[in-house]
Amino acid sequence: MAALTWLLIPLFAAVGAAIWASWAARNRTSGDVAELAGYSRFREAMEKSQAGTEPA
C-alpha cells in the first residue's frame with residue numbers, strides 16, 4: 001500500500017500541473033480591450049482639459 005501511495009503523489013502533481021497550465025494559458029484578451037478603451041477615453045478627456053485652458 002505504501003508503494004501505491006508513492007506512485008500516486010507524482011500522478012496528483014501532474015494533474016495539478018496540467019490544471020495550473022491550462023489556467024495560466026487561458027485567453028485574456030477581453031480585459032485588455034476594455035482597459036485600452038478606458039485609457040483612450042482618459043487621454044481624450046485630458047486633451048479636452050488642456051485645450052480649454054490657456055497658458056498664463
### Task
With sequence neighbours excluded, tell me which residues meet side-chain contact (heavy atoms from CB on, under 4.5 Å) with Arg26.
Trp23, Arg28
### Query
Apart from Phe12 itself, what residues make up its hydrophobic cluster, given side-chain heavy atom links below 4.5 Å?
Met1, Leu4, Leu8, Leu11
### Query
How long is the span from the CD atom in Glu47 to the CZ atom in Phe42, to the nearest 0.5 Å?
10.5 Å
### Query
So which residues get pulled into Val15's cluster when ILVMFWY side chains under 4.5 Å apart are joined, directly or through others?
Ile19
### Query
For Trp6, what are the other residues in its hydrophobic cluster, where any two members join if their side-chain heavy atoms are less than 4.5 angstrom apart?
Ile9
